[in-house]
Number of protein chains: 2
Amino acid sequence: MLNIVDEKQKRTKCRQCPLLKMKLFRDFSGDELGFIENFKTGELNAGKGSTILVEGSHSAHLFTVLTGWGFRYKLLEDGRRQILNYILPGDLIGLQGSITGEMEHSIEALTDLTLCVFERDRVMELFRKFPELGYDLTWIAAREECILDEHLLSVGRRTAIEKTAYLLSFLHFRASALMAQDTPRFSLPITQQHVADTLGLSIVHTNKTIRKLVDRKLVKWLDRGCTVTNPDELVELAGWEPETTKTRPIL
Amino acid sequence: MLNIVDEKQKRTKCRQCPLLKMKLFRDFSGDELGFIENFKTGELNAGKGSTILVEGSHSAHLFTVLTGWGFRYKLLEDGRRQILNYILPGDLIGLQGSITGEMEHSIEALTDLTLCVFERDRVMELFRKFPELGYDLTWIAAREECILDEHLLSVGRRTAIEKTAYLLSFLHFRASALMAQDTPRFSLPITQQHVADTLGLSIVHTNKTIRKLVDRKLVKWLDRGCTVTNPDELVELAGWEPETTKTRPIL
DNA sequence: CGCTTACTTGACATTGGTCAATTATGGTGG
DNA sequence: CCACCATAATTGACCAATGTCAAGTAAGCG
């Protein structure tokens with residue numbers, strides 16, 4: 001399921017990175033792009049459903065998602081699973097592992113995934129040569145923290161219907177920020193089991209809760225995926241405020 | 001309740017920082033300490049129960065806790081509260097606010113608190129002049145992320161008794177890492193309401209759950225505070241693994 | 001065509017929540 | 001020192017949200 005592309009010629013050049021063309025991400029100088037291009041040692045293709053990183057393992061790499069969706073999760077010994085966050089194009093993964101050197105969570109592909117691969121060893125070089133990029137890394141980590149804070153609020157204090165509304169609108173807004181303006185409808189590539197494991201609910205109760213949202217015409221659940229039809233009302237129901245940042249860094 | 005000390009002479013000098021004497025934190029070069037000392041613009045004393053930062057406000061500062069305990073939390077509109085994490089001596093707060101510029105959570109003092117104050121404006125200067133300190137900031141943010149991941153697992157997937165065992169042992173280990181070796185027993189400065197709001201439980205159920213832990217002689221709850229008497233069994237019950245890092249950065 | 005995965009649904013069980021009353025305990029003003 | 005008050009902890013009775021079990025349907029895939 002995992003396939004590494006090492007040959008320089010086959011790889012996406014950072015200077016032509018399709019993500020950077022989007023207004024969503026900040027502009028980089030030529031020098032910065034040159035460094036990142038050199039910092040990038042390869043590309044990884046992971047098939048849908050494959051596990052990219054495993055809790056407890058050591059990884060010498062950092063990754064940035066180029067295309068596709070995935071999620072981070074932790075397991076308890078008896079198999080109970082908690083999904084921590086979702087990863088979408090532009091997201092950096094593996095930073096947390098820098099601390100203990102050991103991964104504290106696993107990562108799985110929700111769709112086929114393309115990842116840029118970076119060497120962890122050279123991160124310090126990045127901080128030395130390009131302080132702005134170092135600052136970006138801190139920014140990225142702090143943003144992830146904010147998202148986790150909001151998830152914690154949902155899981156801990158929102159009711160089943162509120163937390164479901166929160167999660168679906170959260171994913172909807174994350175995804176739509178990456179879409180062209182005119183994309184009318186798109187489907188979130190998750191199952192109800194993912195929703196359950198993100199929100200700390202059972203799958204049965206998740207199903208019944210989603211059904212209520214469908215009855216209220218806020219979402220549709222078709223073809224093994226979810227389409228959000230009324231994001232604003234969903235946000236309202238959740239008592240949440242979507243992120244408003246214009247541009248963000250990326251590695 | 002809040003009181004700022006600006007006069008240079010009254011402040012704790014970073015070179016004599018009592019925290020840095022502990023084996024828990026990494027060594028810094030003279031240059032680094034000089035920079036940090038200059039970066040520090042003052043000290044803030046906050047009385048027990050006072051609110052240091054408020055969700056939605058803008059703060060021009062970062063803080064490091066010198067002495068005392070506090071906690072970060074978020075509120076829903078109707079007052080439901082979720083405690084996100086606890087802050088202890090050596091912890092940095094306010095990094096998250098760098099992103100939107102607006103605080104996404106509030107901070108309250110659990111005990112009287114002394115904080116070192118830094119100017120957020122000068123963070124970029126830190127990254128430029130001392131890349132290692134910049135790296136430390138990323139490290140600190142990534143560590144907070146790991147902790148939040150574990151909290152999310154607790155709140156989402158552990159049972160009431162497991163999550164309570166997790167929280168109390170978590171706080172016990174965090175606190176004991178800051179104590180001298182010989183400190184036999186110390187008390188966590190929290191109420192059962194804090195435990196409830198951290199774990200997403202009601203206060204009544206929290207009380208009954210803590211009572212079970214007391215009956216099993218794993219903790220004591222006296223004088224409005226909790227003493228952990230059997231941390232190992234608590235960790236076992238939670239199905240958790242305490243942090244093992246030897247030294248960490250600090251700002 | 002038959003298997004597997006995902007989604008549904010109803011009946012019932014249980015964890016954890018709500019309400020309400022009670023008991024410490026420490027602090028404050030007289 | 002004492003009466004009074006507020007906060008925190010405790011407990012029992014009852015209730016509601018959510019979990020578990022079980023069975024069934026629908027769609028995708030080799």
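Below, all heavy atoms of this structure are taken into account, side chains as well, without hydrogens, waters or symmetry copies. The chains referred to below are lettered A, B, ... by the order of the sequence lines, with proteins before strands, and numbering in each begins at 1.
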Worksheet item: Have A:Asp149 and B:Gln96 got a donor and an acceptor in their side chains that come within less than 3.5 Å?
Response: no
Practice prompt. Check side chain to side chain contact (heavy atoms under 4.5 Å, CB included) between A:Asn230 and all other residues, then give those that pass, not counting sequence neighbours.
Written response: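 Scan of A:Asn230 (side chain to side chain contact (heavy atoms under 4.5 Å, CB included), adjacent residues dropped) gives A:Leu218, A:Asp232, A:Glu233.
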Looking at DNA chain D, which of [range] put a heavy atom within less than 4.0 Å of it?
| range | value |
| --- | --- |
| residues 187-201 of chain A | A:Gly200, A:Leu201 |
| residues 150-167 of chain B | none |
| residues 70-81 of chain B | none |

Discussion item. Taking salt bridge (Lys or Arg N to Asp or Glu O under 4.0 Å) as the cut-off, I'd like each qualifying pair that reaches into residues 189-205 of chain B, sequence neighbours left out, listed once.
Written reply: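 Counting only pairs at least two positions apart or across chains, the salt bridge (Lys or Arg N to Asp or Glu O under 4.0 Å) contacts touching residues 189-205 of chain B are A:Arg157-B:Asp197, B:Arg81-B:Asp197.
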Worksheet item: Just by protein heavy atoms under 4.0 Å, how would nucleotides 21-30 of chain D read 5' to 3' in B, S and -?
Response: B-----B---
Fill in: side-chain hydrogen bond (donor to acceptor under 3.5 Å, both in side chains) involving B:Tyr73 - partner list, sequence neighbours excluded
none
Practice prompt. Just jot down the side-chain hydrogen bond (donor to acceptor under 3.5 Å, both in side chains) partners of B:Ser187, sequence neighbours excluded, or say none.
Written response: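 Partners of B:Ser187 under the side-chain hydrogen bond (donor to acceptor under 3.5 Å, both in side chains) test: none.
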Backbone N/O of [Y] and side chain of [X]: donor-acceptor pair under 3.5 Å:
| X | Y | result |
| --- | --- | --- |
| A:Thr111 | A:Trp69 | yes |
| B:Asn85 | B:Ile87 | no |
| B:Thr209 | B:Ile161 | no |
| A:Glu108 | A:Gly70 | no |
| A:Asp112 | A:Lys48 | yes |

Item to complete: Could you check B:Asn207, B:Thr164, B:Thr206 and say which one makes a side chain to side chain donor-acceptor pair (under 3.5 Å) with B:Gln192?
Response: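 Result: among B:Asn207, B:Thr164, B:Thr206, B:Asn207 is the only option passing the side chain to side chain donor-acceptor pair (under 3.5 Å) with B:Gln192.
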Worksheet item: Among all residues two or more places apart in sequence or in another chain, which pass the ring-ring contact (aromatic ring centres under 6.0 Å, His included) test with A:Phe173?
Response: none
What's the separation between atom [atom1] in [X] and atom [atom2] in [Y], rounded to the nearest 0.5 Å?
| X | Y | atom1 | atom2 | answer |
| --- | --- | --- | --- | --- |
| B:Thr229 | B:Arg216 | OG1 | CZ | 12.0 Å |
| A:Ile210 | A:Cys226 | CD1 | SG | 7.0 Å |
| B:Ile147 | A:Leu148 | CD1 | CG | 12.0 Å |

Worksheet item: Which ring-ring contact (aromatic ring centres under 6.0 Å, His included) pairs, counting each pair once, include a residue from residues 185-241 of chain A, with sequence neighbours left out?
Response: A:Phe71-A:His194, A:Tyr166-A:Trp240, A:His172-A:Phe186
Practice prompt. Quickly work out the B:Ile203 CD1 to D:dT10 P distance and round it to whole Å.
Written response: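 Checked: the CD1 to P distance equals 10 Å.
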Practice prompt. Step through the shown structure and confirm whether more than 12 heavy atoms of other residues, nucleotides or ligands are within 6.0 Å of CD on B:Glu236.
Written response: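 Not buried by this count: 12 neighbours or fewer within 6.0 Å.
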Worksheet item: For the helix from C:dC1-D:dG30 to C:dG30-D:dC1, what is the angle between the axes at its two ends, each from 5 pairs, rounded to 10°?
Response: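 Overall, the helix from C:dC1-D:dG30 to C:dG30-D:dC1 bends by 40° from one end axis to the other.
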Worksheet item: First and last nucleotide of DNA chain C in contact with chain B, 5' to 3', at under 4.0 Å to a heavy atom: what are they?
Response: C:dG16 to C:dT25
